[in-house]
Amino acid sequence: GIIRGTDGEVTGTTGDMKVQNIATGVTRTVVTNVAAPNGPLVMLNPAFTADGKKILFTAGNAGTNYKVYLVSSQAGTALATATALKAAENYNLRYATLSPDSDGATTGLLAYTRDTGPTTSTHELWVYNFATKKSTLLVQAETGRQLKHPVFLSDNDTIAYVGVKSGIQN
């Protein structure tokens, strides 16, 4: 499994992302978070692809400019050299997840939350279809609300998410 902090996010003191084999206890670093000018980036919501070969996660600096990344679950990658996913508008996408049938490149769906920016600060839930290369807006949150932690059901057609008020989960 992926090692997370008590808050469910990968935000340890080093900022590195690790993968641990539960049966053997062997742990390896898959993403090294090098200090940016304002400190290490915050990595959120790591999730394996269905085949376990890649890990999807988001990373941003001090709560802004989050992007979606997809990296190998086997090899070490420096976050500074990782390439952000080209799918969709990849800016201020704090939470993201792949549908169970997705390979993160050509098949399946990518669900992501988007903050439209400091002037409007509207939170939205979108789904990007890798086959059609089109995004669809599913939900636009009410004023003062945020959308977090989208997750697909195994049927690939149903998605759950958390709506929070003023950043406080109810």
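All of these numbers come straight from a predicted model, not from anything done at the bench. Count residues from 1 along the sequence.
The side chain to side chain contact (heavy atoms under 4.5 Å, CB included) search around Thr58 returns Leu44, Tyr66, Val68, Ala96, not counting sequence neighbours. Ser73 pairs by the side chain to side chain contact (heavy atoms under 4.5 Å, CB included) definition with Phe48, Ile55, not counting sequence neighbours. Qualifying side chain to side chain donor-acceptor pair (under 3.5 Å) partners for Thr29, counting only residues two or more places apart in sequence or in other chains: Lys18. Partners of Ser99 by side chain to side chain donor-acceptor pair (under 3.5 Å), not counting sequence neighbours, listed by chain and number: Asp101. Among residues two or more places apart in sequence or in another chain, the side chain to side chain donor-acceptor pair (under 3.5 Å) test is passed with Asp51 by Thr49. Residues passing the side chain to side chain donor-acceptor pair (under 3.5 Å) test with Gln140, sequence neighbours excluded: none. Thr158 meets the side chain to side chain contact (heavy atoms under 4.5 Å, CB included) test with Leu153, Asp155; sequence neighbours excluded. Applying the side chain to side chain contact (heavy atoms under 4.5 Å, CB included) rule to Thr106 yields the partners Asp103; only residues at least two apart in sequence or on another chain are considered.
In the hydrophobic clustering (ILVMFWY side chains linked at under 4.5 Å, chained through shared members), Leu125 is joined by Leu109, Val127, Leu138, Val139, Leu147, Phe152, Ile159, Tyr161.
Across every non-hydrogen atom of Ala50 and Pro100, the tightest pair is CB-O, 3.2 Å. The shortest heavy-atom contact between Ala105 and Phe130 is O-CD2, 3.4 Å. The minimum heavy-atom distance between Gln20 and Gly25, with the atom names listed, is NE2-O, 3.6 Å.
In the hydrophobic clustering of this structure, Ile22 does not group with Val26; members are Ile, Leu, Val, Met, Phe, Trp, Tyr whose side-chain heavy atoms approach within less than 4.5 Å, directly or through other members.
Note: Arg94 CZ to His123 NE2 = 7.5 Å, rounded to the nearest 0.5 Å. From Leu98, atom CG reaches atom CG of Leu70 across 6.5 Å, with rounding to the nearest 0.5 Å.
At least one side-chain heavy atom of Thr113 sits under 4.5 Å from a side-chain heavy atom of Pro150. Asn45 places none of its side-chain heavy atoms less than 4.5 Å from the side chain of Phe57. Between Gln74 and Val30, the closest side-chain pair of non-hydrogen atoms is not below 4.5 Å.
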Worksheet item: Can Leu56 and Leu110 be said to form a side chain to side chain contact (heavy atoms under 4.5 Å, CB included), step by step?
Response: CA-CA 10 Å; Leu56 178 91; Leu110 167 73; 4.1 Å; yes
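Between the side chains of Ser135 and Tyr112, at least one donor-acceptor pair of N or O atoms lies under 3.5 Å.
Pairs of residues two or more places apart, or lying in two chains, that qualify as salt bridge (charged side-chain N to carboxylate O under 4.0 Å, His left out) and include a residue from residues 122-138 are Arg114-Glu124.
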